[in-house]
Structures are given as C-alpha cells and as structure tokens.
Amino acid sequence: MIQKIDNATVREAVQQAYERCKNETGGKNADYIPYLANVPSTLFGIAACLPDGEVIAVGDTDYKFGIESVSKVPTAILAMNQYSAQEVLTKIGADATGLPFNSIMAILLENDHPSTPLVNAGAISACSMVQPVGDSDGKWKAITGFIEGLAGSQVEVIDELYKSETATNFNNKSIAWLLKNYNRIYDDPDMALDIYTRQCSIGVTAKQLATMAATIANGGKNPVTKQQVFKPELSPKIASMMATVGFYEHTGDWLFTTGLPAKTGVGGGIMGVVPGVMGVAAFAPPLDEAGNSVKAQKALAYIAGHLNLNIF
Ligand code: DON
C-alpha cells in the first residue's frame, strides 16, 4: 500500500520534476493531424490533485490542449457505469495489444475482438455502446457531462482540431467498419466514429486532467466538487486497463519503470492514477515514436520515483 503523502511533499516533487525536465528537447509534435503539428512545442506543465481537493500546478497548466487518447479513459468508465464492467469485458475486452494505438492488425489478431477500450478499436466500440444508443446528441451530452464530472469543470471541443481530425481519420474509418463486419460496433459505425473523433478533440488543461485522475484514484468521488461521479468499484477496473495498455507498445517498459497506471494522448497529455492517493498529470507536445509525450513521461516518472508511487 502506498502511504498518504502530505501536500507539501507533493508540491516539492512537482516543482523539482518541472525544473529537471523543462529543458528536455526530445521528441516531436504529432504531425498526422495538422492542428497538433502547430501547437507550440515548448509548452510544459505538471499538475497534481490531492484527496483534500488541493490542485498543485507548475508551468503551462491552464493551456487547453487536445485530450486525444486520454478521452478513452472516461468513455470506458462511462460504458462500464451504464452497463457493467463485465459487459464491457465481454463486448470489448481488457487485453493489452502490444501494438500501436491505431492498429488494424490488433483486431485481426484478437480474433475480431477490439481488445480494450483504451486503443482506437475498443474506444470506437465503447463510443458505440454509450447510451442513449441511436442518439448522437444524447451520447455526446453523456460523454461531455461525464468528463466534466470527473474534471469538476466545463470542457469544450477545439473546433479547429475536430475539423483537422475529421479530415484525416481514414485509418479510424477502416477500424470502425472492420468492427462492424465482426459485430463489434453496437450503434451506427459512422456515428460512433464521429463521437470518438469529437471526444479526442476536447480541449483540457493539465489541471483538469489531474482532477480527472484524482477522481478515479478516489473511488469515483471528485475530491474538488465532492460529487460521486461513478460507481466506486469501477476505479480498480479502469486503473487495471490503464496499467495494461496506457502507453500502447511501450506500456510494459513504463509500468516496469514507474509502477504508475497512466494514459497518454497524442496532444501531449498524460494522466496518472495513484489509487487512494492522488491524481497527477503532465503536458508537453513532443512525442516519442509510440505517440507518448517525452517530457511528460520524464516528469511523471520522476514524481513516481521520488514519492514511491509504485503500486506494486
Ligand atoms: O485516433 C487518433 O488518431 C487520435 N485522435 C488519438 C490518438 C492518440 O491520442 C494516441 N495516443 N497516444
């Protein structure tokens, strides 16, 4: 069990991580989505949200960046909350793929199964499950309302990013229709894909990501607003999914190094969940070859090591 840590110690670790990592120059902005290529690559912020609701923040923590694949986490929880963890396991799965986030091969290798809601195939499938089925506006309200519950504040789509993603999401279109072929899409495939694309284009700040992570760490109760956002028993379920596949083909290396369940997005954000202790997030646009922020990984790895946040 990780011991509770006092706020001053976390504040100090976050500040130190920022100082140590701010001059890191590795990686490159995502460029397969034109909007992301143009986000200033020097942006860098770290935030942590603690059980008493204090949000510690250093650097560019109010900058709104694309949530991208981190959005797969709230939608997976929402689907489990609306149905059950077992139904999501049966309809989508909870397996690691060991393959890139947008892999079509993963669907074929898993014998037509989307693997996990935390890769593209499973995330599109999860969007198709979200209720009310058949109602795009209703689904969108459910997803954004849920993210706002986790973050404790409002979010909105970055329109330019949504347009940019929609104009370039050919691979995801193939995934949606391949899943339809295998009966793994539970609503209209084009609608599910559009909801997925839109949720990836939501703008969030590092402070919001840290609060989302803290809500997950805190058994579904937002430590800032005190709202119970989802069923407490789903916290270990989503943390296990994040631990299994949160960094795609680099997940094992990350978990071995830090022991911290976390989820990345190509917008440069990473959200880490320390069960029962806190949520932590970092943001910096340049990515490694698997699509994970280089600087945010370094910062979170430093904090995890320094504060002994290894869940194992
Ligand atoms: O599906 C896509 O290509 C993106 N909109 C999201 C991918 C992503 O963030 C992968 N994560 N590191």
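We count ligands from 1, going down the list as the structure has it; atoms in each ligand are counted the same way. Worth knowing before you read on, the calculation uses all heavy atoms, side chains too, and leaves out hydrogens, waters and symmetry mates.
Pro223 and Thr215 get closest at one heavy-atom pair: CD-OG1, 3.7 Å.
Here the two rings, on Phe283 and Tyr63, have centers that are under 6.0 Å apart.
Two residues are said to be in side-chain contact when any heavy atoms from C-beta on lie closer than 4.5 Å; Tyr32 and Asn171 fail this criterion.
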List the atom pairs, donor and acceptor, that lie under 3.5 Å between side-chain atoms in residues 48-57 and the rest of the protein, sequence neighbours left out.
unit_1: Asp52; atom_1: OD1; unit_2: Glu54; atom_2: N; d: 2.9
unit_1: Asp52; atom_1: OD2; unit_2: Asn7; atom_2: ND2; d: 3.0
unit_1: Glu54; atom_1: OE1; unit_2: Asn7; atom_2: ND2; d: 2.8
unit_1: Glu54; atom_1: OE1; unit_2: Arg11; atom_2: NH2; d: 3.2
unit_1: Glu54; atom_1: OE2; unit_2: Arg11; atom_2: NE; d: 3.1
unit_1: Glu54; atom_1: OE2; unit_2: Arg11; atom_2: NH2; d: 3.2

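Glu24 has a carboxylate O that lies under 4.0 Å from a charged side-chain N of Lys298, or vice versa, which qualifies the two as a salt bridge. Under 4.0 Å is where a charged nitrogen must lie from a carboxylate oxygen, and between Asp187 and Lys139 at least one such pair does.
Pocket lining of ligand 1, defined as residues with a non-hydrogen atom under 4.0 Å away: Tyr32, Glu68, Ser69, Phe101, Asn120, Glu165, Asn172, Tyr196, Cys200, Tyr248, Thr264, Gly265, Val266, Gly291.
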